[in-house]
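Quick note on labels: first sequence line is chain A, next is B, and so on, each numbered from 1. Here the structure is a predicted model, which is why all the values come from computation and not from measurement.
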Amino acid sequence: MKNLVLTLAVGVLAASLLPAQAGDITGKITLKGTPPAAPQLPFDPMCGKLHTGPKNMPWYVVGKGGELADVFIYLKDGVTGKKYEVPAAPAVLDQVGCEYMPYVLGAQTGQTVRALNSDPLLHNVHPTPTVAGNKEMNRAQLPKGPALDHVFPNQEVFLRFKCDVHPWMFAYVGVVDHPFFAVSGKDGTFTIKNVPPGKYTIEAVHRKTHPTGKGETKEVTVAADGGKVDFVIEVK
Amino acid sequence: MDRPVNPWLHRFAVVCAVATMGLIGLGGVVTSKGAGMAVPDWPTSYGYNMFWLPVDQWIGGIFYEHTHRLYAAFIGLLTTILAAWLWVRETSGRARWAGLAVIIVLVAMLGHRGSGNATGGAASIPMHFKVLAVLMPVLVLVGVAQSVRTRGAWRWLGLTAFFAVIFQGILGGLRVALYQDALGIFHATLAQLFLVLLCAIALVTSSRWQGAFSKSGQLPSRHAWMFGGLTALMLGQLILGASMRHQHAGLAVPDFPLAHGRLWPATDAASIELYNHRRSDVREFKPITAGQVHLHMTHRIVALALVAGVLMAALRLRRDANTPAGLRQAATGWAALVLAQAALGAATVWTNKAADVATLHVVLGAVSLAWGALMSLTALRLARAHRPVAQSQDVPENDIAGRARPAVQGA
């Protein structure tokens with residue numbers, strides 16, 4: 001009996017010393033209302049040859065049920081003040097058909113944001129940060145040329161990349177100082193992985209509905225098996 | 001009796017002024033097309049000496065920015081010739097060779113551009129260009145001071161223009177290499193002042209300035225002050241416009257004559273957020289701010305003041321029988337220019353800052369400024385022309401204001 005009690009006590013003690021299981025925050029973003037029509041991309045003749053037909057600015061990528069893509073979702077409160085390991089793998093932006101792919105990307109502060117040029121044309125890669133400490137650069141990138149790497153030490157949502165040779169080319173990178181972020185897919189869903197249990201403020205920012213970068217926030221409680229939060233973003 | 005002027009000198013000065021208007025237009029196109037950063041390095045172009053960039057690389061925005069740089073170099077060449085011509089004309093001996101040496105050394109420094117790696121940043125700028133960036137504004141001020149001291153001696157006007165065009169090129173290059181939008185505002189403003197200077201040189205080298213004006217009757221000096229004041233206000237308006245354009249935030253107010261649907265737009269945070277939300281432009285400008293809305297509205301108010309002021313000035317001259325007919329016609333022409341410029345301003349808003357309309361608005365603004373400056377100078381000369389001049393066997397050349405000054409004995 002004594003041994004049983006002792007074993008149980010050791011087991012409880014050991015369990016309490018184990019780290020709490022991290023869970024995923026999942027959810028879905030839906031757009032309410034009819035978005036305005038996006039203008040056509042004004043390709044020049046060389047870029048036009050890379051497409052079979054006209055394309056529009058990727059401002060609203062909306063599914064049949066209102067599923068909204070390209071929303072940047074990240075934990076706003078509850079994770080600050082802690083140090084997180086910077087991923088070794090870069091966040092990758094490519095230039096394809098005179099467009100940046102993807103249009104919206106997430107990265108961690110200190111993580112490499114790598115620009116590739118898969119086009120048969122010259123591009124400029126010109127990040128235009130507005131937060132002090134994030135460095136503006138402007139570099140030419142030859143067709144299929146070497147990758148251009150960028151590292152941003154400070155949080156900034158959204159940090160704009162542009163090409164001055166082709167002035168319709170833009171990409172927006174959400175740079176945050178922790179790994180708890182995601183970008184919604186074409187089905188509107190997102191997953192933020194490995195979030196420790198706790199209470200957090202989560203923010204969803206869409207480039208066009210939140211043009212100054214202030215998105216919509218909600219409180220989310222993450223248990224050992226994760227948490228769930230959905231957003232409905234309204235067209236104003 | 002004034003010293004005879006070589007008509008070819010005057011004609012060349014006119015060519016320089018007209019060619020510079022073209023450069024201002026090209027510069028306007030660069031900003032209107034959002035191509036200011038399309039060539040990321042300076043003073044090289046994609047690592048090449050700018051004169052050797054292969055034509056097949058002139059794609060997209062590179063075409064506008066690169067042709068702007070090439071044409072600017074051409075204007076630099078014209079200005080160099082003009083400055084040297086004016087200097088040689090008015091000097092002799094050591095003074096002549098000293099001035100020419102300064103010109104040659106500066107041109108040689110500009111010619112050495114180094115080799116780049118198609119990347120911006122301060123580290124990409126050769127050291128001698130950094131030296132020139134500090135030296136040139138000082139030399140411009142020296143040129144202005146000497147022009148004032150010698151009461152508008154042509155050789156110093158020419159040298160000031162030469163220093164100014166070099167400084168202007170460096171300003172443009174630094175704007176690109178250092179990613180400084182604010183330098184674009186200075187670059188645009190100096191372009192306008194440079195045009196005014198070239199137009200002034202063209203005016204004072206004309207036979208009309210030398211002879212006929214003195215016979216054109218008298219004019220109260222208050223007219224010169226009136227034109228000068230309106231021209232200064234016009235310069236302020238151009239600086240406002242340049243400030244708006246070079247923040248690269250697009251139209252802060254998208255409608256005219258109302259402003260966001262009202263006589264005066266709301267600028268609280270919620271309204272600004274709404275204005276940004278409504279923007280739909282493939283150029284994806286930076287978000288607008290309340291300050292930019294205020295700047296835009298100030299530009300509109302000053303435009304109203306200019307239209308009223310110039311119209312009143314033209315009417316006043318028409319009623320003054322003593323005013324020479326040429327000046328009355330010039331004032332009427334100025335009024336027409338300002339009205340056209342106001343219409344172009346409205347059109348810029350209505351077309352959502354279409355590149356061709358916005359560029360024409362920039363060019364006409366420059367022409368209006370130069371016109372006003374020339375009218376001011378002419379009015380000043382007429383105001384002084386009827387004053388008695390001391391009789392002397394040494395016939396002095398009249399200065400820019402029409403006052404007699406001693407014959408030139410060197411620099």
What distance separates A:Asn138 CG from B:Leu178 CG, expressed to the nearest 0.5 Å? 12.0 Å

Does B:His277 use its side chain to pair, donor to acceptor, with the backbone of A:Pro211 at less than 3.5 Å? no

Which distance, rounded to the nearest 0.5 Å, do you find between the NE2 of A:His123 and the CD1 of B:Ile59?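 These two atoms lie 7.5 Å from each other.
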
Using every non-hydrogen atom in the two residues, find where A:Ala37 and B:Ser280 come nearest and quote the distance to one decimal.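 That would be O-OG, 4.3 Å.
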
Looking at B:Gly36, B:Gly60, B:Ala35, B:Ala38, which makes the most heavy-atom pairs under 4.5 Å with chain A?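 Max contact count across the listed options: B:Ala38.
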
For A:Lys228, does the NZ atom sit with more than 12 other heavy atoms under 6.0 Å from it, leaving out its own atoms?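 Yes, the 6.0 Å shell around NZ holds more than 12 heavy atoms from other groups.
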
Around B:Phe63, counting heavy atoms of other residues, nucleotides and ligands shown, do more than 12 lie under 6.0 Å from its CZ?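 Counting neighbours around CZ of B:Phe63, 12 or fewer heavy atoms of other residues, nucleotides or ligands fall under 6.0 Å, so no.
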
Chain A contact via B:Lys286 - side chain, backbone, both or neither, heavy atoms under 4.5 Å: both

Does B:Phe74, at its CZ atom, have more than 12 non-hydrogen atoms belonging to other residues, nucleotides or ligands within less than 6.0 Å?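 Incorrect, the count does not exceed 12.
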
Do you know which of A:Asn56, A:Leu121, A:Asp164, A:Asp44 has the most heavy-atom pairs under 4.5 Å to chain B? A:Asp164

Heavy atoms from other residues, nucleotides or ligands near NZ of A:Lys214 exceed 12 (cutoff 6.0 Å): no

On a heavy-atom basis, which atom in A:Phe170 and which in B:Arg283 lie closest, and how many Å separate them?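 Here A:Phe170 and B:Arg283 meet closest at CZ-O, 3.2 Å.
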
Decide if atom CZ of B:Phe186 counts as having more than 12 heavy atoms of other residues, nucleotides or ligands within a radius under 6.0 Å. no

Contact class of B:Pro40 relative to chain A, heavy atoms under 4.5 angstrom: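 When you check distances to chain A, atoms from both the backbone and side chain of B:Pro40 fall under 4.5 Å.
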
Heavy-atom cut-off 4.5 Å, strictly under: side chain, backbone, both or neither for A:Gln40 against chain B? backbone

Under a 4.5 Å heavy-atom cut-off, does chain B meet the side chain of A:Pro167, its backbone, both or neither? both

Is atom NZ of A:Lys32 surrounded by more than 12 heavy atoms (other residues, nucleotides or ligands) closer than 6.0 Å? no

Counting only heavy atoms not in B:Lys33, do more than 12 fall under 6.0 Å of its NZ?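 Atom NZ in B:Lys33 is not packed in, count stays at 12 or less.
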
Residue among A:Arg160, A:His166, A:Lys162 with most heavy-atom pairs under 4.5 Å to chain B: A:Arg160

Roughly how far, to the nearest 0.5 Å, is the CE atom of A:Met46 from the CG atom of B:Asp56? 8.0 Å

Find the distance between OG1 (A:Thr209) and CG (B:Asn276) and round it off to the nearest 0.5 Å.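 CG of B:Asn276 is found 12.5 Å from OG1 of A:Thr209.
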
Considering all heavy atoms, the nearest A:Pro42-B:Val282 contact: CD-CG2, 3.6 Å

Do side-chain atoms of A:Asn124 reach the backbone of B:Met37 as a donor and acceptor pair under 3.5 angstrom?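 Judged by distance alone, yes, a pair lies under 3.5 Å.
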
Rounded distance (nearest 0.5 Å) linking atom OH of B:Tyr46 with atom CG of A:Leu122: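 These two atoms lie 4.5 Å from each other.
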
A:Phe158 versus chain B, heavy atoms under 4.5 Å apart: side chain, backbone, both or neither? neither

Charged N-O contact under 4.0 Å between A:Arg207 and B:Glu284: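 So A:Arg207 pairs with B:Glu284 through a salt bridge.
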
Please check if the number of heavy atoms outside A:Lys218 that lie under 6.0 Å from its NZ is greater than 12.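 Atom NZ in A:Lys218 is crowded, with more than 12 foreign heavy atoms closer than 6.0 Å.
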
